[in-house]
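Here is how names work: the chains are called A, B, and so on, in the same order as the sequence lines, proteins then strands, and each is numbered from 1.
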Number of protein chains: 2
Amino acid sequence: MAIRPMARTDVNRSAILAHLGAHGPASRAELARTLSLSPALMTQLTKDLLHDGLLRELEHQASQGGRPARMLGLVSSAGRAVGVKVASDHVAFVEVGIDGTVLRTASEPFDAAATTMLMSLAGLLRSFIAGGSSAPLLGIGVGVPGSVDSQAAGVVSSTQLKWNNVPIGATLRRELGLPVLVENNVNALAMAERLYGLGRRHRNFLAVTIGTGIGAAIVIDGLIVRGFGGGAGEIGHIPVREDGPRCTCGNIGCLETFASESALVATARDRNVIAPGAGVAALRDAADRGNPAAIAVFGEAGHLLGRAIAGLVHVLDPEVVILLGEGTADWGHWSYGFEPAFRAALIPARRGIPVAVETWQDASWAQGAATLVLATPFDAEGIAGEQGDLVRQRLVQQASPQERS
Amino acid sequence: MAIRPMARTDVNRSAILAHLGAHGPASRAELARTLSLSPALMTQLTKDLLHDGLLRELEHQASQGGRPARMLGLVSSAGRAVGVKVASDHVAFVEVGIDGTVLRTASEPFDAAATTMLMSLAGLLRSFIAGGSSAPLLGIGVGVPGSVDSQAAGVVSSTQLKWNNVPIGATLRRELGLPVLVENNVNALAMAERLYGLGRRHRNFLAVTIGTGIGAAIVIDGLIVRGFGGGAGEIGHIPVREDGPRCTCGNIGCLETFASESALVATARDRNVIAPGAGVAALRDAADRGNPAAIAVFGEAGHLLGRAIAGLVHVLDPEVVILLGEGTADWGHWSYGFEPAFRAALIPARRGIPVAVETWQDASWAQGAATLVLATPFDAEGIAGEQGDLVRQRLVQQASPQERS
DNA sequence: TATGGTTTGTTTAGTCCTGAACTAAGGGGA
DNA sequence: TCCCCTTAGTTCAGGACTAAACAAACCATA
């Protein structure tokens, strides 16, 4: 095992860009502190980046008691990235600037089960890219519900999409001629959360998504845990009861069969709380109106979710639990069952752990995928591999065809 | 966050020592490969270590098709380490050589609740150390059942020992004048397992200990997960049932109240399977004789343990699950309930994950603690902090008071 | 208005490490 | 026997990074 992982050479240069993108302008001294680098090196690196045209010096900042800081900002025309969320019946696209801001979104119908689906995805991507800004495109991030062997290779297996070892990474790369990074969608979201969201101030957190299914991403020491086979975070299949409906995985008693939007809808239909064809919106409306049966459906799911997550808090000892996903819109109803079960199941020392609910937007999944590209700088361990190098190259090359001093 | 963790300066020198200690003699080329360092650097480092007298060149190895390798071996008189296991009613000591072999063991009664316990522990340690070999003592490793703020600081909180923020690290350091590394006992054991045991070939595994209580250590990418507060791995308090006896943590339904040796004994007594004063040995004997009630006690515990660990496998996606602790002696009886519950609760893709039972010896806990000292080299992230530096200094200084070329 | 303290940023000398080119030492086949 | 192949190990030039010393720019206070 490597004692000194020996990051790729210009990781730090890109880390500066990513930090400025995520947090806005900063001084050299501040960058050196937050990135744990020496001021000396920061001088060197920023000199290069300024020369390359990726950074520019902004105005001075008011003195903090000493010499005033010269702020550095990104040259926003330096690049853009595209993120894709793949679902079984549609794909969502988003284009983001180098600073992480969403520039453009789109959504298209898509049949993940079709034999030609890889080609049609490539086609949809091509036309989305063509409509974008003129800034150089650094790469494509793809978020999928399932396990991915590695971001760089991008071979996907997913029960939800009914995919088995689909080489989506290699195919898109060949078709589009761009760096392509593939990741589990929850992990991608967690990465976005770490760079731009509540996770920004935490190096250890647990991100839980509530949607059609239920998932989690584990961030330890600032890095996402992928597990041996890239399948870490599958909390949907934690066994929580001895009985219950059969899960898509074939087992009985999985958390996902009790605590997910699909599970809520199924239960509510069984109990005639909502009409046979109604969805989660109807259930929410019923609960909003104070329907006790609807409230109970949320409460029971929240109870099981709370106990399961309490177990994870014991195992992982995170600093905070962050809730994400479409389902957070109904969190008010969930929390009714969640909070008491969660707190009661925790050992006293952890009972005060914060549970934060992140504001959710439709574009968030795809934005998370785009973050894969922008987060490449943080990839000190080489998770993104060769594709990460390509992203870095594109970032630097586009700005300065001339050689560096 | 640090993009490039920038390991302490002579980490690699010590990594070489640790590798040779754990795996026996190796050639420069082999060391360079396994430690992911360049052959060039290996030449430099081994030159220093040979000069310092910590390494010696052994005979040539038969050619592998090219130039035959010159093997390098440890000079075994170069150092020793002492490990301590602290329990509520006793402490166990072990002295190990630099290559990890156990040289000497001892066990003493100890009252963890006494007000003078820190001083008496220091005294017991002093006398144990005095009886040891003449090789220089590199440091003391202490394993405790509870959470530790950091190995270097060594402030311990433990419900089992009824300790709250006890500064055992600082106290022993002051009293003994030696580097002291403190760690949760299960984490210490996992570290030993990674260096010398089944974990040697795996960078991602889950180690589960069955004893008086139940615990776990999580190893991801070769590093132990400590969590935000140093309390990761507390699987004993995962909620597994809505009912059950009250746990020492104050809650109801904790795994530990069903699946631990104490829980087994309590259940067996309740059901009159064993006499009121009898212990786990009696229960084992009964199960060995084929007593169905005794077998059922094991089976039920195994069932709950299997489901809980299946949940962890989903969340963490380890390569292998390793079982450790006194309780593994009865694993034959546990597995009767464990295996079906475990396999049935796993998603198909993970159903084949191996579960390995490590052979267990009385000295293992203390040996794990001693490994903290010997494993300091692997501490690229600075987990052991200043204490790790001191260990490294002692290792190098003792061998060569003269300056290095 | 000097003086010292504080924060920012640069320069310099030196450490750690790598890649590339090299030497060393064996084996096997024409 | 000679030549080529393979693996082991060394040397050398150079890159990335840091610590330490220094310079720059501001503030507060006597």
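- We find that CG of B/Leu31 is positioned 15 Å from C1' of D/dT7, with the value rounded to whole Å.
- A side-chain contact (heavy atoms from CB on, under 4.5 Å) with B/Leu72 is found for exactly one of B/Arg56, B/Glu57, B/Glu30, namely B/Glu57.
- Taking atom CE on B/Met71 and atom P on D/dT7, their separation rounds to 16 Å, with Å as the unit.
- Look at A/Glu59 and A/Arg70 and you find no salt bridge, because none of the NZ, NE, NH1 or NH2 atoms lies under 4.0 Å from a carboxylate O.
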Inset, instruction - Carefully, step by step, assess B/Arg203 and B/Glu319 under the rule salt bridge (Lys or Arg N to Asp or Glu O under 4.0 Å). - result: CA-CA 8 Å; B/Arg203 292 171 54 79; B/Glu319 193 175 356; over 6 Å; no

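- Distances were taken from every side-chain heavy atom of B/Leu41 (C-beta onward) to each of D/dA8, C/dT18, D/dA25; the shortest belongs to C/dT18.
- Checked against D/dA19, C/dA20, C/dT8, the side chain of A/Ala29 finds its nearest nucleotide in C/dT8.
- Following rounding to the nearest Å, A/Asp48 (CG) and C/dT10 (C1') show an atom-to-atom distance of 14 Å.
- Dashed line: the shortest gap from a side-chain N or O of A/Arg28 to OP1 or OP2 of C/dT7 is not under 4.0 Å.
- Counting non-hydrogen atoms under 4.0 angstrom, A/Pro68 reaches the backbone sugars and phosphates but no base.
- Of the candidate nucleotides D/dA25, D/dC17, D/dT11, D/dC17 has the atom lying nearest to any side-chain atom of A/Leu45.
- A straight line from CZ of B/Arg70 to C1' of C/dA24 spans 13 Å, rounded to a whole angstrom.
- Residue A/Arg67 places its side chain closer to D/dA24 than to any other of D/dG9, D/dT18, D/dA24.
- Summarising the geometry, the separation between CE on A/Met42 and P on D/dA19 is reported as 13 Å, rounded to the nearest angstrom.
- Closest approach to the B/Ala40 side chain among D/dC12, C/dG9, C/dA25 is made by D/dC12 (side chain taken as heavy atoms from C-beta onward).
- One finds no side-chain N or O of B/Thr43 lying less than 4.0 angstrom from the OP1 or OP2 phosphate oxygen of D/dT11.
- Note: CD (A/Gln44) to P (D/dT18) measures 12 Å, nearest angstrom.
- Contact annotation: the side chain of A/Asn204 never approaches that of A/Val219 to less than 4.5 Å [non-hydrogen atoms, C-beta and beyond].
- Taking atom CD1 of residue B/Ile16 and atom C1' of nucleotide C/dC17, one finds them 13 Å apart after rounding to whole Å.
- Exactly one residue among B/Leu138, B/Leu178, B/Leu137, B/Val180 makes a side-chain contact (heavy atoms from CB on, under 4.5 Å) with B/Val373. That residue is B/Leu138.
- In this structure, A/Leu55 atom CG and C/dG9 atom P are separated by 13 Å, rounded to whole Å.
- Nearest to the side chain of B/Leu37, among C/dT18, C/dT11, D/dA25, sits C/dT18.
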